[in-house]
2 protein chains.
Amino acid sequence: MDDRKKGASTLKDVANAAGVSLGTASKALAGATSVSEARRRQVWEAARKLGYRRNSLAAELRSCRSTSIGFVVPDLTNSFFIELVCALEDHALECGYRLILAHAQEDPEREAERIRFVLSRQVAGMIIIPCHGYAHAISELRECNVPLVMADRVDNSFPANTVTTDSHRAAMDGTGHLIALGHRRITFIVNALDLVNSRERAQGYREAMRQAGLEQHAKVVVCGMSDTESHATTLGVLSARERPTALFTGANVATLGALRAIRDAGLRLPEDISLLSFDDAPWMSVLRPGISSIRQPVEAIGRAIWNLLHQQLQGEHPEIVHLRMRADLRVRESTAAVPAVPAVTAVPAVPYDPCGETSPASTAPPL
Amino acid sequence: MDDRKKGASTLKDVANAAGVSLGTASKALAGATSVSEARRRQVWEAARKLGYRRNSLAAELRSCRSTSIGFVVPDLTNSFFIELVCALEDHALECGYRLILAHAQEDPEREAERIRFVLSRQVAGMIIIPCHGYAHAISELRECNVPLVMADRVDNSFPANTVTTDSHRAAMDGTGHLIALGHRRITFIVNALDLVNSRERAQGYREAMRQAGLEQHAKVVVCGMSDTESHATTLGVLSARERPTALFTGANVATLGALRAIRDAGLRLPEDISLLSFDDAPWMSVLRPGISSIRQPVEAIGRAIWNLLHQQLQGEHPEIVHLRMRADLRVRESTAAVPAVPAVTAVPAVPYDPCGETSPASTAPPL
DNA sequence: CTGTTAGCGCATTCAC
DNA sequence: GTGAATGCGCTAACAG
């Protein structure tokens, strides 16, 4: 039983209405030069009248050509990825391609499903930022010869083009900044160490601490992928006997959780504790104190990804390259010199409020 | 010249490898009961071996059935829309549908193009949050009988199912909150008045001012869709001779710009000025002062949209309904009682820094 | 320049 | 149960 949509007029309808053959109608609408101006106008007019809309499924099926690019993103909540989406979308549109966004929500299973979905739509190419390792991504993609660029959460061992930020170096820079401010007890709070880039960030932090002779103070804490988890974890860190004088968060989500924890603990930023965030976000610069952050060069990354993909879309098959971009340190006000009299006392025992919305303002020091 | 992908194995390949006919293979993979267990296993095995991947373009073309839902979003930068995307995605997946996201980037032309794109992919249904009026959206969609739900930036005059927040009431509530705190000079900063919901918000604000006998103080300022525009506009508002004691921003983007302006002007929040934001965001509650906001019930909106769409997807054609949800006022610390000695003096003339990153900390009062 | 023809990969009758 | 045949709407190669 054919339950096709009634209203949808097809190319045949247009051809009939215009009194031409199907093939001519197709060419006319495609703007081919091999059709007379008069005929073309007839066809366009008929199409307009009938409200004709090309069925791109059929067109792509027939021509084995697609203008869609699949983009698998792990977390739309993270403004870094959003900015990347916007940048890539602009580039794609400029070249006549469209982005098909697939949201993995940091869930490997969902990611695999999303990849399959996108692939089944016969996209011309794919861009993937994997979540939680990418073994499945490899196996999903190995056999199908779709042009592919992977980004952010990959390392140079991946057998495809990759674009990443030099996380190791950026983390070293950030840690160095805190050390230069006099901090010794710096804790690195990271979402998950099975994400390559997060691991690199942690290693960069460790390396900088080592070089400064501070390895005994180096402390990496894993806080999970959600901001509620990182909130709870950071609260724990802040109530330790020897509270750190500075926190370095490994990603956007961790920053959010850490900030809430700092707030709930009644600590002042940066007087009581400094905070440096790996990953920048628009809101970090609008309040006081502005949050010092490490900003990845999103525009450059987006352009690099697109260039790499575009080469492949054009049929070129250059050698696999692994691009590595340099991140910027943006010093704002959340990082300051360690207080002269270090506050080694533990945080006053504030009741843990899982909601985080109703923490009494009275526990906060006067502004 | 057929440049189809070499590796891609088709159903025919699977059928051959399994030694069955094409039709049988199709049924076996679809899990039809009308095929023997043995045969089915053969086929599945062959498919696995060949790395077969169904071409969903062909499948949908043939069966005139699609499981994709188009979702046209105006601005991925706005966390309200992102949260909506996540909510809707969950619902869709649960019902066996997938979301095809289309990003309009607040550009009517791009929006029209995105709608056409999604439509040409033969989606089963569409969800649209229009940008800048929606006349084009109407005309694009009128003829094609795709199940449709529109949300957020529409009013009840739209000839389709709609789900919206009662912006008028929410804005009245918010304004009332500020008035109750003793504010008189409250300025409403809105992105654009040609967005229905923004207009309603402005009207709600006006109405609340009127009812409080404050119409002479009511002031609505339009600030544009970007945060740089709203930044500049708010700077202007803050340097007026009679500076408002409270700002009420009409949407996320405006809030961001206003906050930056407040910061650049060297004003303290909430001592020098109060701020209430229409639209909530995760970061608004993690810093001090937390930003008081009006939170739309995203989850409820998402569920309502999906229910409405799902009804239509199931072939039901109930009467058109216009659902209107109630928003919450979340009082945090950015709204406080108006200072006893109102600061009517103009802002000190700080140089306008378009970058907004380097405003000297010295212009800020000591924390 | 134009019309005819042959499929793209698949789902779905309909005979057997 | 299974297989052969028939298009979905469209593009592209070919013949006129």
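All values reported here derive from a predicted model rather than from experimental measurement. Sequence lines set the chain letters: A, B, ... in the order given, protein chains first and strands last, and positions in each chain run from 1.
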Residue whose closest nucleotide on DNA chain C lies nearer the 5' end, B:A58 versus B:K27: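 It is B:A58 whose nearest nucleotide is closer to the 5' end.
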Given [N], is OP1 or OP2 found less than 4.0 Å from the side-chain N or O atoms of [X]?
{"X": "B:T10", "N": "C:dG9", "value": "no"}
{"X": "B:S36", "N": "D:dG1", "value": "no"}
{"X": "A:R39", "N": "C:dT2", "value": "yes"}
{"X": "B:S21", "N": "D:dG3", "value": "yes"}
{"X": "A:S26", "N": "D:dT11", "value": "yes"}

Could you give the [atom1]-to-[atom2] distance, from [X] to [N], as a whole number of Å?
{"X": "A:L29", "N": "D:dT11", "atom1": "CG", "atom2": "P", "value": "8 Å"}
{"X": "A:D13", "N": "D:dG9", "atom1": "CG", "atom2": "P", "value": "9 Å"}
{"X": "B:L61", "N": "C:dG7", "atom1": "CG", "atom2": "C1'", "value": "12 Å"}
{"X": "A:L57", "N": "C:dG7", "atom1": "CG", "atom2": "C1'", "value": "17 Å"}
{"X": "A:K12", "N": "D:dG7", "atom1": "NZ", "atom2": "C1'", "value": "10 Å"}
{"X": "B:N55", "N": "D:dC8", "atom1": "CG", "atom2": "P", "value": "18 Å"}
{"X": "A:R41", "N": "C:dT2", "atom1": "CZ", "atom2": "P", "value": "13 Å"}
{"X": "A:N16", "N": "D:dG9", "atom1": "CG", "atom2": "P", "value": "13 Å"}

Base C:dG9 to side chain B:R54, donor-acceptor N/O within 3.5 Å cut-off: no
Pairing of A:D13 and A:K49 as salt bridge, 4.0 angstrom limit: no
Residue B:R65, side-chain heavy atoms: nucleotide from C:dT12, C:dT2, C:dC10 that is nearest: C:dT12
Listed nucleotide nearest any side-chain atom of B:R62, set D:dG9, D:dT2, D:dC8: D:dC8
Residues, nucleotides or ligands: over 12 heavy atoms within 6.0 Å of A:R54 CZ: no
5'-most by nearest nucleotide on DNA chain D - B:G19 or A:G23: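 In this pair, the answer is B:G19.
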Touch class at under 4.0 angstrom, heavy-atom based, for A:L22 against every strand present: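 Base contact.
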Sugar-phosphate, base or nothing in reach of B:L11, heavy atoms under 4.0 Å: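 Touches sugar-phosphate only.
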Atom pair NE2/CG of B:H103 and B:D75 - distance to nearest 0.5 Å: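 With rounding to 0.5 Å, NE2 (B:H103) is 5.5 Å from CG (B:D75).
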Passing candidate, side chain to side chain donor-acceptor pair (under 3.5 Å) with B:H322, options B:T164, B:T162, B:D155: B:T162
Closest approach of B:I320 to B:A160 (non-hydrogen atoms, all atoms of both residues):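 Nearest heavy atoms, B:I320 then B:A160: CG2-O, 3.4 Å.
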